[in-house]
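Every chain is numbered from 1 and lettered A, B, ... according to where its sequence line falls, protein lines coming before strand lines.
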Amino acid sequence: MATAVRVRYAPSPTGQPHIGNIRTALFNWLFARRNGGKFIVRIEDTDQTRLTPGAVEAILDGLRWLNIDWDEGPEVGGPHSPYEQSRRLEVYRRMAEQLVDQGNAYYCYCSREELERLRRASRGAGAAPYSGGGCNCRRMGRAGAVGEPEGDDSRVVRFAMPESGVTQVRDLIRGDVEWRNELQEDFIILKSDGFPTYHLAVVADDHLMEISHVMRAEEWLPSTPRHLQLYSALGFQPPEFAHLPMITGTDRAKLSKRHGATAIGEYREQGYLPEALLNFMVLLGWSLDGSTEVMPLQTIIDHFTIDRITKSAAIFDQDKLLWMNGVYIRELDANELARRMTPFIPRELDGDEQDYLGRIAPLVQERLKRLDESGEVTAYFFGELPDYDPATLAQRGMDAIDALIALQLALDVINRDTKDGNFDHKRVESSLKSAEQRLELSRRQFFGLLRVAATGRAVSPPLFETMEVLGRKRVLFRLSQAIELLLHQQSYLEKSYLALPEMLNHLNRSTAPAILAMSKCLRPETDKAILLMAERLRARTESAIRKFVKHLTLERGNVTEIQRILELIPKKDDALIKEVAWRLDGGHYQAVLNWLEQLRLEDPEFRYSNRAGENDTNRHFGG
RNA sequence: GGGGCGUUCGUCUAGCGGCCCAGGACACCGCCCUCUCAAGGCGGAGAUCAGGGGUUCGAAUCCCCUACGCCCUACCA
């Protein structure tokens, strides 16, 4: 019967968990899950000088975030506790002693300086440094060890490598690999501080913890012969070995800080989905079939076999990860998306806002690549619209007048069509599309304008859906706000009123009854403003009129009647004036009045927004 | 210097002697869709399979050599 699969992830807590390390953990974990085996986490904290506070927690958090669970290890314990090597020193010390007793290891008293000298000398010699007893300790040590003082704090224990023959490993990924023993050096197994080196500790623990397969990064391949010799000297049955390809930066060098984000925590903070990162990482060195890339975890587990692991190192391709993250985001249920976006929204959300976010989420879903874009991409849904440049309102090929006209029309039409409070996007769409037909604007221009007015941006999710989610109140307010913004722009202001003085001219002279009635509706302040404008703008009235004529559509019952009037008053065309005037009725005077009222903006004392809603304009018309 | 591993489009990869003058994906380019941005659809460009020798009727696939890259060469893991 085949031995049970027991694999392990053995990180050393020397810093933030690395993408490369975590990928190793992932492969081990997948292998365990695939084979119904156990996945063990063991902390290799044998280097006291490199310990980093919080590193163990960070490693464990990284695993938990990716949903990689462990059957034995820190926090969960297990039959081979403890799982921190610093708490198992006795085990290693005993084994080291046993090896010394057996003659497989010896005490070495060489100073670091001597060692360094030896090392340099051996460089050009073609042999491994102090191999086969390069220093004298091996030869004299065995005999001399007996007489040495116990606990000498400068001595280390070195393993005595065989001086001939080869050590061979049958790597599950790389096949047979062999090394000549004479080229191997006598490596240290127990340091002078009493801690084991990696080599002794892994072998001891992998054996004691009954590890069946050692899957680790390729950088460990060169030390495998040491481990094998250790197993043999200790009389242990070695496990299977599989050396995983490394993950490198774009320069093909071992991944390091200068390659950008390498710590798994950074990916979490940048809004990568753990399932996306996991899926992506597994593809770095493993493939299902060469064409299936995005796949559920269960599929990965079901098909995860060592024979499909690649041999060569892989560059970590951020672009592809980003793409895959987008894929996973799009696959999320809207509520789930909202839930995951929440931590990335830079404001506390109350219950209502959380619901609101739930409605926003589907809109931004397919244009979100990372969760950390959440704040940015939803900003205009919350609170007031931040200042935006009114110049962005008018789309290509439009000027402020076009924008003003279209905005006013949209405002009126939406206001009228959704009075009952039903503000779904279909309704808004049909309403705005009918309005669009009355304007000489392309759809792109009209909706582009409205988009800026509603969101403050040139780019957003589809307009009508966005408006629906924003809600009637916000939309209406923002449209009028946009109008106001435009009017506040000095240069635009002038243009927008170009036609008014001319109109005033005609009002004063014309005899058309409707126009007279209209002038009666003008309140004194407004009148004054118009006169002021007239003076200022006299020189340009001609072109202004032409401008308005362009926007004219003749249709009864149209709020844009005001524009028509303006447009229909070219000089010497009283007939036309009459024609328009004739079409006016009470309802349109309202529009006229609204329009004229905006003039008051010219005079700061008559802020439009301060007065809006206050005026009982109907009074002037007598109902 | 020594030892080891690796080498298929820019990147991740498929390929285990004929199905491959090499397939998929990301990125890139173009078109379509379209109210913007995305998403999506369609199409394009992109690899003399590191180079050279063999073996074979036939090689990206097997063997050898060379080159290049990377890893190890610490009382670090």
Contact class for [X] (heavy atom, under 4.0 Å): base, sugar-phosphate, or nothing?
{"X": "A:G285", "value": "sugar-phosphate"}
{"X": "A:R444", "value": "sugar-phosphate"}
{"X": "A:R457", "value": "nothing"}
{"X": "A:R451", "value": "base"}
{"X": "A:F464", "value": "base"}
{"X": "A:E44", "value": "sugar-phosphate"}
{"X": "A:L463", "value": "base"}

With both distances under 3.5 angstrom, what nucleotide forms a Watson-Crick or G-U wobble pair with [N]?
{"N": "B:U7", "answer": "B:A67"}
{"N": "B:G1", "answer": "B:U73"}
{"N": "B:A47", "answer": "none"}
{"N": "B:C33", "answer": "none"}

Correct closest heavy-atom pair for A:V282 and A:F304 would be CG2-CE1, 4.2 Å
Among the nucleotides B:U11, B:G15, B:A77, which one has an atom lying closest to any side-chain atom of A:R308?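 Nearest to the side chain of A:R308 among the choices is B:G15.
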Please tell me which of A:I173 and A:W323 maps to the more 5' nucleotide of RNA chain B, matching each residue to the nucleotide holding its nearest heavy atom. A:I173
Could you pick out which residue, A:E219 or A:D176, lies toward the 5' side of RNA chain B when each is mapped onto its nearest nucleotide? A:D176
Any donor-acceptor pair under 3.5 Å between the side chain of A:E218 and the base of B:G6? no
For the side chain of A:R174 and the base of B:C5, is some donor closer than 3.5 Å to an acceptor across the two?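 Such a pair does not exist between side chain and base.
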Exactly one candidate in A:R226, A:Q85, A:H227 meets side chain to side chain contact (heavy atoms under 4.5 Å, CB included) with A:Y198; the answer is A:H227
Among pairs that include at least one residue of residues 13-28 of chain A, which meet side-chain hydrogen bond (donor to acceptor under 3.5 Å, both in side chains), considering only residues two or more places apart or in two chains? none
Can you find a side chain N or O atom of A:S12 that sits less than 4.0 Å from OP1 or OP2 on B:C76?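 For B:C76, neither OP1 nor OP2 has a side-chain N or O of A:S12 closer than 4.0 Å.
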Please identify each residue that fulfils salt bridge (charged side-chain N to carboxylate O under 4.0 Å, His left out) with A:D307, with sequence neighbours left out.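 Salt bridge (charged side-chain N to carboxylate O under 4.0 Å, His left out) check on A:D307 returns nothing, list empty.
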